[in-house]
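Here's the structure we're looking at; comments come further down.
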Amino acid sequence: QVQLMESGGGLVQAGGSLRLSCAATTSTFDMAWYRQAPGKPRELVAVIRRGGATNYADSVKGRFTISRENAKRTVYLEMNSLKPEDTAVYYCKAERGTEAYWGQGTQVTVSS
């Protein structure tokens, strides 16, 4: 069983920045950030593989950066140039093969 705990969400003005953290009980899984806005399906924001390769949703490319610190078992999502449409609950996910675990989510609200 993998446990995940997100932190770092909050309220920020458009154009601002936030850094989300996800503390995990493992460093051997691929890690991802997802988000879910009210009334919308959950969507992938960014993923970082165990080897460090990354992928991003087109909507966040050039603004968000995912990184991981395996020694601390922590994954980060650096979010810059935030827009109101980035408002959502952000979830951390750990995945490996058929295993998948989710955190409880952290709210990010971007005001215009």
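Along the sequence shown, residues carry numbers from 1.
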If you round to the nearest 0.5 Å, how far is OG1 of T25 from CE of M5?
11.0 Å
Cation-aromatic face contact R42/Y91, 6.0 Å, 45 degrees
yes
Nearest 0.5 Å, what's the OG1-CE distance between T74 and M31?
9.0 Å
Are more than 12 heavy atoms from other residues, nucleotides or ligands located less than 6.0 Å from atom CD of Q104?
yes
Centres of the F64 and W33 rings: under 6.0 Å?
no
Could you pull out the closest heavy-atom pair between K93 and A100, with the gap in Å?
CE-CB, 3.8 Å
Examine distances only and state if a side-chain atom of T106 and a backbone atom of Y90 form a donor-acceptor pair shorter than 3.5 Å.
no
More than 12 heavy atoms of other groups within 6.0 Å of Q107 CD:
yes
For a 4.5 angstrom cut-off between non-hydrogen side-chain atoms, does E78 reach N80?
yes
Strictly distance-based, threshold 3.5 Å: is any side-chain N or O of D30 a donor or acceptor partner for the main-chain N or O of R50?
yes
Could you tell me whether the side chains of T26 and R73 share a donor-acceptor contact shorter than 3.5 Å?
no
Inspect the contact between D86 and R35 and indicate whether a charged nitrogen and a carboxylate oxygen are less than 4.0 angstrom apart.
yes
Flag this pair as yes if the NZ/CZ of R68 is under 6.0 angstrom from the six-membered ring centre of Y76 and inside a 45 degree cone about the axis; otherwise no.
no
